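Everything on this sheet refers to the single structure shown next.
What you are looking at is a predicted structure, and each value in this text was computed from that prediction instead of being measured.
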Amino acid sequence: MIPGVDYLGLFVAAGLLLNLTPGPDVVYIVGHGLRHGARAGLVAALGITAGCFVHVGAAALGVTALVAASASAFTALKLIGAAYLVWLGLRMLLSRASALTGGGGPQSAGSAIGPAARLGKVFWGGFLTNVLNPKVALFFLAFLPQFIAADAPSKLQAFLLLGLLFNFNGLWVNGGYALLAAWLAQRLDMVQRAMRWLERAIGLLLFGYGCRLAIAEYPNP
C-alpha cells in the first residue's frame, strides 16, 4: 500500500488499460519492433517511458499546470509535438530505401538495428514523441490526483509514487508490444513480405496523430 493513495488496485488496473490503448507511443514502439527487431522496440519503449517521467516531474512541480493555464504555451508545445509526429510520419511515407531492404533484397524483419548510435536515435525519437505531446502532460495532471487521499500526509510524495508506478507498469506493457511485434515479424511470412507497406501504414498513423494533435483544442479550465 502506498501512503496517501486511495483505490490502488483500481489505479493499477486503469493504468494498464490506458497503456494498452494504441496511440502514437504504441505505434512508434511497434513500428521499430517490426522493422528492426526486439532490441530496437525495447529501446523505443524505454524512450517513451523516459518521456513519461518528464511529464510526471513537470506535473509534480506545477509546470504542467502552468502550461494548462496558458493557451499560448499549450498551443506552442502542441504545434511542436504535432510537427515532430508529422515529420516522423512523412519520413516513413516518403523514404525510398527502407531500412528493411538495405538497398538490396529483403532482410529479416527482426534483424538487429545495428550500431549503438542508431539505438540512441530510436531512444531519443521515442522520448521526443512523448515529451512533445502536451496531452500526455495534462493526462498525468488530471489522472493521478484522483487516487490521492484527501488526508495524505504528503500529496507530492503520493503523486510521484503513483507516477513511478504508472510508468513502471507502462514499461512492461510497451515492452510487451515491442516483443510481440518482433515475434510476429520473424514468424509471419506475410508480415515480412508486407513490411514495406507496414512501414507506410505506420508513417500514415504517425502523420494522422500529428494532424489530430495540431487541431486539438485548448482544454477548458
Side-chain angles (χ1 to χ4, degrees), residues 11-56 81 84-86 88-89 91-93 98-100 107-114 116 118-133 135-137 139-140 143 162-210 212-213:
F11 172 81
V12 171
L16 289 173
L17 288 174
L18 289 168
N19 278 304
L20 284 168
T21 304
D25 292 352
V26 171
V27 171
Y28 184 83
I29 292 166
V30 169
H32 281 287
L34 285 171
R35 296 164 66 209
H36 301 297
R39 181 182 297 180
L42 291 172
V43 169
L46 288 173
I48 296 295
T49 302
C52 285
F53 279 114
V54 171
H55 286 304
V56 170
Y84 182 72
L85 288 176
V86 167
L88 281 178
R91 189 176 66 170
M92 296 183 72
L93 283 168
S98 171
L100 293 169
Q107 301 175 359
S108 169
S111 60
I113 192 172
R118 295 187 64 185
L119 287 174
K121 189 174 181 180
V122 172
F123 176 89
W124 287 112
F127 178 81
L128 292 175
T129 297
N130 192 280
V131 165
L132 295 178
N133 189 346
K135 296 175 74 174
V136 178
F139 162 76
F140 281 112
F143 180 67
L162 284 175
L164 177 64
L165 179 60
F166 183 92
N167 289 339
F168 178 77
N169 291 335
L171 179 60
W172 287 104
V173 173
N174 290 333
Y177 271 121
L179 294 176
L180 177 61
W183 183 85
L184 287 173
Q186 290 179 343
R187 286 164 175 77
L188 296 182
D189 291 339
M190 182 181 67
V191 171
Q192 293 185 6
R193 290 196 300 268
M195 288 304 295
R196 182 77 173 177
W197 290 106
L198 281 172
E199 187 175 10
R200 297 294 185 264
I202 292 167
L204 184 61
L205 282 172
L206 289 172
F207 179 83
Y209 281 124
R212 190 173 69 174
L213 179 59

Looking at [X] and [Y], what are the two nearest heavy atoms and their distance?
| X | Y | answer |
| --- | --- | --- |
| Asn19 | Val173 | O-CG1, 3.7 Å |
| Ile29 | Gly41 | CG2-O, 3.7 Å |
| Ala182 | Gly37 | CB-C, 3.7 Å |
| Tyr28 | Thr129 | CD1-OG1, 4.1 Å |
| Leu20 | Tyr177 | O-OH, 2.5 Å |

Between CZ of Arg118 and CZ of Arg39, what distance do you get to the nearest 0.5 Å? 12.5 Å

One should read off an interatomic distance between Asn174 CG and Asn169 CG, to the nearest 0.5 angstrom, of 11.0 Å

Phe53: side chain to side chain contact (heavy atoms under 4.5 Å, CB included) partners, not counting sequence neighbours: Thr49, Leu164, Asn167

Qualifying residues under side chain to side chain contact (heavy atoms under 4.5 Å, CB included), relative to Asn130, sequence neighbours excluded: Asp25, Ile48, Cys52, His55, Val136

With sequence neighbours excluded, residues passing ring-ring contact (aromatic ring centres under 6.0 Å, His included) with Phe123: none

What residues form a ring-ring contact (aromatic ring centres under 6.0 Å, His included) with Phe207, not counting sequence neighbours? none

Using the six-membered ring wherever Trp is involved, compare the ring planes of Phe143 and Phe139 and label them parallel, tilted or perpendicular (cut-offs 30° and 60°). parallel

Leu165 versus Phe11: any side-chain heavy-atom pair under 4.5 Å? yes

Return the set of residues passing side chain to side chain donor-acceptor pair (under 3.5 Å) with Asn133 (not counting sequence neighbours), or none when no residue passes. none

